[in-house]
A.B. asks: 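One structure, as structure tokens, below. Some questions next.
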Amino acid sequence: FLPHLVASMEQVEETYIMVKPDGVQRGLVGDIISRFEKKGFKLTGLKLFQCPKDLAEEHYKDLNSKPFFPKLIEYITSGPVVCMAWEGAGVVASARKLIGSTDPLQAEPGTIRGDLAVQTGRNVVHGSDSPENGKREIGLWFKEGELCQWTPAQAQWLRE
Ligand code: UDP
Ligand code: MG
């Protein structure tokens, strides 16, 4: 039993980030990926994907009683999305900060939504809201074999 190993494994957290169809159509994919890359998180999955309706409904199932749900499903399935899995200690909460508030008009400048969007119904990006949902959503959007485990060359320059 190696407590230090267990502790370091517990720090590994993963989040599901997705550039929504408006972000793809508006040519914002590179900018959005770049923000997570430059921050220092590790990309473990990436693909361009046309989301089927049943997957969109499963992904957003907690919202299925909301009045905006049908329009949300229409939006998410309206064109290709970019699916990403990112890994790192604290990545879930940090990614939510980088993304900014759900309503882009309330999102702080410097955040993705604060810089790049004007309306909740076209807020360009998704990020998991908890480590549990990070795991759940990566499991929904990626098949086994689509994720890569690797050690970035810069690892020793990101953490002491
Ligand atoms: N949404 C919407 N109208 C609303 C609230 C949410 O169209 O009044 C959409 C929006 O695209 C949002 C998504 O539903 O990003 C999921 O809502 P949630 O409250 O989980 O916001 P998020 O976690 O994306 O910030
Ligand atoms: Mg959410």
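The chain is numbered in sequence order, starting from 1. This structure is a prediction, so every number in the text was calculated from the model and none was measured. Both ligands and their constituent atoms are indexed starting at 1 by order of listing.
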A.B. asks: Is K47 close enough and on-axis enough to F142, meaning under 6.0 Å and within 45°, for cation-pi?
C.D. replies: yes
A.B. asks: Within less than 4.0 angstrom of ligand 1, does K71 place any heavy atom?
C.D. replies: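 K71: no contact with ligand 1 (<4.0 Å).
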A.B. asks: Should the pair Y16 and W141 be assigned to parallel (<30°), tilted (30 to 60°) or perpendicular (>60°) ring geometry?
C.D. replies: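 Y16 vs W141 ring planes: parallel.
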A.B. asks: Looking only at protein heavy atoms, which one is nearest to atom 23 (O) of ligand 1, and how far off is it?
C.D. replies: R96 NH1, 2.8 Å
A.B. asks: Measure the distance from atom 9 (C) of ligand 1 to every protein heavy atom, then report the residue, atom name and distance (to 0.1 Å) of the closest one.
C.D. replies: L72 CD1, 3.8 Å
A.B. asks: Tell me which protein heavy atom sits closest to atom 1 (N) of ligand 1, plus the residue, atom name and distance to 0.1 Å.
C.D. replies: F68 CE1, 3.5 Å
A.B. asks: May I ask which of L63, T102, V124 has a heavy atom nearer to atom 20 (O) of ligand 1 than the others do?
C.D. replies: L63
A.B. asks: Are more than 12 heavy atoms from other residues, nucleotides or ligands located less than 6.0 Å from atom CH2 of W150?
C.D. replies: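 Above 12, so yes.
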A.B. asks: Where is the nearest protein heavy atom to atom 10 (C) of ligand 1: which residue, which atom, and how far?
C.D. replies: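 Going by distance alone, atom 10 (C) of ligand 1 is nearest to T120 O, 3.4 Å.
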A.B. asks: Using a 4.0 Å cut-off to any heavy atom of Y60, which atoms of ligand 1 qualify?
C.D. replies: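 It comes down to these atoms of ligand 1: 16 (C).
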A.B. asks: Determine whether S128 and E137 satisfy the following criterion, side chain to side chain donor-acceptor pair (under 3.5 Å), listing intermediate values before the conclusion.
C.D. replies: CA-CA 7 Å; S128 309; E137 292 169 4; 2.6 Å; yes
A.B. asks: Can you tell whether the side chains of K71 and E74 come within less than 4.0 Å, N to carboxylate O?
C.D. replies: no
A.B. asks: Run F41 and E14 through side chain to side chain contact (heavy atoms under 4.5 Å, CB included) and show every step you take.
C.D. replies: CA-CA 10 Å; F41 293 123; E14 39 187 7; over 6 Å; no
A.B. asks: Less than 4.0 Å between a side-chain N and a carboxylate O, is that true for K53 and E57?
C.D. replies: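 Salt bridge between E57 and K53, a charged N being under 4.0 Å from a carboxylate O: yes.
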A.B. asks: Quick one: look at K20 and ligand 1, take heavy-atom pairs under 4.0 Å, and tell me if it's side chain, backbone, both or neither.
C.D. replies: side chain
A.B. asks: Determine yes or no for a side-chain-to-main-chain donor-acceptor pair under 3.5 angstrom, with R113 supplying the side chain and V124 the backbone.
C.D. replies: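 Not a single qualifying donor-acceptor pair exists.
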A.B. asks: Regarding ligand 1, does R113 bring an N or O atom to under 3.5 Å of one of the ligand's N or O atoms?
C.D. replies: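 Indeed, backbone or side chain, R113 has an N or O that close.
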A.B. asks: What part of R122, side chain, backbone, both or neither, has a heavy atom within less than 4.0 angstrom of ligand 1?
C.D. replies: neither
A.B. asks: What atoms of ligand 1 come within less than 4.0 Å of a heavy atom belonging to N123?
C.D. replies: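 Counting from 1, the qualifying ligand atoms are 10 (C), 11 (O), 12 (C), 15 (O).
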